[in-house]
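First comes the structure, then the notes that go with it.
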Amino acid sequence: MRKKVNIFPFSSFVLLFFMALGYYINVNQEAHKKFAPYLQRGIDFTLNLKDYVESPFYKNFKGYGVKLPDNYSVHGIDISHHQKLIDFQRVSAFYAQNTSIKFVYAKATEGKDHKDRHFDRNRKEIREHHLLFGAYHFFRPKTSGKEQAEYFIKTVGTLDPSDLVPVVDIEVLDGVDPSLMRDRLEEFVLRVEEEYGVKPMIYTGDSFYKDYFKGHFRKYRVWIANYGQSTKAPKARWTMWQHTQEANIDGIPNKVDMNVFDGNWEKFQKSLLIGHQKGYKQLSSSK
């Protein structure tokens, strides 16, 4: 039998080229200033191309592969480019363990200058397949909260009344004093609230909440992450609970986070749909 020859994918050659170019740009300040934005676009293009090539070979799943928490009726996921190219038609049609996906939070930005490479596509596909859409920002405490908020607002643009309230994900200190982290986070949430007329929700882990948030940001909803049987944070304090990072969902090639809302569908809409929030500015900034 003739031996099969594995051909190194063309996309990998392109990626190696951009990596070498990136190294040169990083060690040369003038080149970094001039070419860094184009380099990032090139890398994103190559990685997106790789995702498109792989997408026809995604697995089919029949169940979530995890035990879902009892007594919760509203389930959703949060995603980023780590979930690769998602087939939202399959996600929206997926029904297993007496549960379907109702909402999707997609990563939009990180820090003051990083945009998730699948954000625009994810937002478009989520809305087109009649799932509730929300955008989130990964917060970097070393950077001004206001700068991060401005970048998030510029990237996300207008939010519709049928979209979910924005979320800020804070789970690292990045070497910053906790009090400075809270000051900068306050800058972020106040600027986002000023722009959209709604209070953003704060996502964090149980331990991070206990160590740095207890007693702070009481006016803001909390989305808590804990992968045990329940959360450690008081139930009266959290609105959503991320209970696993290991779920399987048809149409998503990698493991994905799953979340539950503390309440029924009617309460979910009143609590998290932008159009239900007092002060929402329907004519918000555009892209």
Practice problem: Report, as yes or no, whether the 6.0 Å neighbourhood of atom CD on Q89 holds more than 12 heavy atoms from other residues, nucleotides or ligands. | Solution: no
Exercise. Look at the aromatic rings of F119 and F133 and report parallel, tilted or perpendicular, splitting at 30° and 60°.
Key: tilted
Quiz item: Does a donor on one side chain and an acceptor on the other come within less than 3.5 Å for Q277 and Y196?
Solution: no
Quiz item: Does anything in residues 206-218 pair up under side-chain hydrogen bond (donor to acceptor under 3.5 Å, both in side chains), and if so which pairs, sequence neighbours excluded?
Solution: D206-N226
Quiz item: Would you call R121 and F88 a side-chain contact if the rule is heavy atoms closer than 4.5 Å?
Solution: yes
Quiz item: F152 vs H137 aromatic rings, parallel, tilted or perpendicular, using cut-offs 30° and 60°?
Solution: perpendicular
Quiz item: Between atom CG of D257 and atom CD of E246, what is the distance when rounded to the nearest 0.5 Å?
Solution: 9.0 Å
Quiz item: Which heavy atom of P166 sits nearest a heavy atom of L159, and at what distance?
Solution: CG-CD1, 3.8 Å
Practice problem: Kindly work out whether a path of hydrophobic side-chain contacts (I/L/V/M/F/W/Y, heavy atoms less than 4.5 Å apart) joins V172 to F213. | Solution: no
Quiz item: Has K255 got more than 12 heavy atoms of other residues, nucleotides or ligands less than 6.0 Å from its NZ?
Solution: yes
Quiz item: Is the shortest heavy-atom distance from the side chain of E193 to the side chain of P200 under 4.5 Å?
Solution: yes
Quiz item: When rounded to the nearest 0.5 angstrom, what distance separates OG1 in T109 from NE2 in H114?
Solution: 9.0 Å
Exercise. For R191 and E195, run salt bridge (Lys or Arg N to Asp or Glu O under 4.0 Å): C-alpha distance rounded to whole Å, both residues' side-chain angles, the deciding distance at 0.1 Å, then the answer.
Key: CA-CA 6 Å; R191 178 64 188 97; E195 177 69 18; 3.2 Å; yes
Self-check item: Least distance between heavy atoms, G263 atom then S73 atom
Solution: O-OG, 3.8 Å
Quiz prompt | V256 with F138, same ILVMFWY side-chain cluster at under 4.5 Å | solution = no
Quiz prompt | salt bridge (charged side-chain N to carboxylate O under 4.0 Å, His left out) involving R140 - partner list, sequence neighbours excluded | solution = E110, D174
Exercise. Locate the shortest heavy-atom distance separating Q83 from I79; write the atom from each residue and the value.
Key: OE1-CA, 3.4 Å
Quiz item: Does any non-hydrogen side-chain atom of L185 lie less than 4.5 Å from one of P141?
Solution: no
Quiz item: Is a side-chain N or O of N254 found less than 3.5 angstrom from the main chain of H82, in a donor-acceptor match?
Solution: yes
Practice problem: Starting at OG1 of T244, measure out to CG of L68 and round the result to the nearest 0.5 Å. | Solution: 9.0 Å
Quiz prompt | For the student: nearest non-hydrogen atoms of S92 and H129, plus distance | solution = CB-O, 3.6 Å
Self-check item: From T155 atom OG1 to D116 atom CG, the distance as rounded to the nearest 0.5 Å
Solution: 10.5 Å
Quiz prompt | Residue pair A96 / G63: nearest heavy atoms and the distance that separates them | solution = CB-CA, 3.8 Å
Practice problem: Kindly determine whether I252 and I77 satisfy side chain to side chain contact (heavy atoms under 4.5 Å, CB included), including the steps that lead there. | Solution: CA-CA 11 Å; I252 303 181; I77 58 177; 3.7 Å; yes
Practice problem: Apply side chain to side chain contact (heavy atoms under 4.5 Å, CB included) to L273 and L164, showing your working. | Solution: CA-CA 5 Å; L273 286 185; L164 301 168; 3.9 Å; yes
Self-check item: salt_bridge(E187, R184) N-O dist < 4.0 Å
Solution: no
Quiz item: Is the shortest distance from a Lys or Arg side-chain nitrogen in K270 or E266 to a carboxylate oxygen in the other one below 4.0 Å?
Solution: yes
Quiz item: Any side-chain heavy atom of V192 within less than 4.5 Å of one from V168?
Solution: no
Quiz item: Taking D78 for the side chain and Y105 for the main chain, is one N or O donor matched with an acceptor at less than 3.5 Å?
Solution: no
Practice problem: Check for a donor-acceptor pair, side chain of R123 on one end and backbone N or O of V156 on the other, with a separation under 3.5 Å. | Solution: yes
Quiz prompt | Donor-acceptor under 3.5 Å (E125 side chain, N122 main chain) | solution = no
Practice problem: Evaluate the side-chain proximity of Y136 to Y203: yes if any heavy-atom separation is below 4.5 Å, no if none is. | Solution: no
Quiz prompt | Nearest-0.5 Å distance, CZ of residue F94 to NZ of residue K62 | solution = 8.5 Å
Quiz item: Say you draw a straight line from CE of M258 to CG of N248; how long is it, rounded to the nearest 0.5 Å?
Solution: 10.5 Å
Quiz item: side chain to side chain contact (heavy atoms under 4.5 Å, CB included) between S271 and F261: does it pass, once the steps are laid out?
Solution: CA-CA 10 Å; S271 297; F261 172 77; 3.8 Å; yes
Quiz item: Where the side chain of S179 meets the backbone of D177, is there a donor-acceptor pair that is under 3.5 Å apart?
Solution: no
Quiz item: So, do F103 and F268 have ring centers that fall under 6.0 Å from each other?
Solution: yes
Quiz item: Cationic tip of K112 within the cone over Y151's six-membered ring, i.e. under 6.0 Å and within 45° of the normal?
Solution: no
Practice problem: Let me see the working for Y64 and I249 under side chain to side chain contact (heavy atoms under 4.5 Å, CB included), right down to the final yes or no. | Solution: CA-CA 6 Å; Y64 292 104; I249 294 179; 3.8 Å; yes
Quiz item: Is the backbone N or O of T239 less than 3.5 Å from a side-chain atom of D262, with the two atoms forming a donor-acceptor pair by type?
Solution: no
Quiz item: Taking side chain as C-beta onward, heavy atoms only, is T204 less than 4.5 Å from I224?
Solution: yes
Exercise. Would you mind listing every side-chain hydrogen bond (donor to acceptor under 3.5 Å, both in side chains) that reaches into residues 161-173, with sequence neighbours excluded?
Key: R127-D163
Practice problem: Please report the closest heavy-atom contact between K199 and V165, naming both atoms and the distance. | Solution: O-CB, 4.0 Å
Quiz item: Can you check whether D160 reaches I274 side chain to side chain, under 4.5 Å on heavy atoms?
Solution: no
Quiz item: Do F217 and V222 share a hydrophobic cluster, counting only Ile, Leu, Val, Met, Phe, Trp and Tyr and linking them when any side-chain heavy atoms are less than 4.5 Å apart?
Solution: yes
Quiz item: Is the shortest heavy-atom distance from the side chain of H75 to the side chain of K102 under 4.5 Å?
Solution: no
Practice problem: Determine, for E150 against K146, whether the closest basic-nitrogen to carboxylate-oxygen distance falls under 4.0 angstrom. | Solution: no
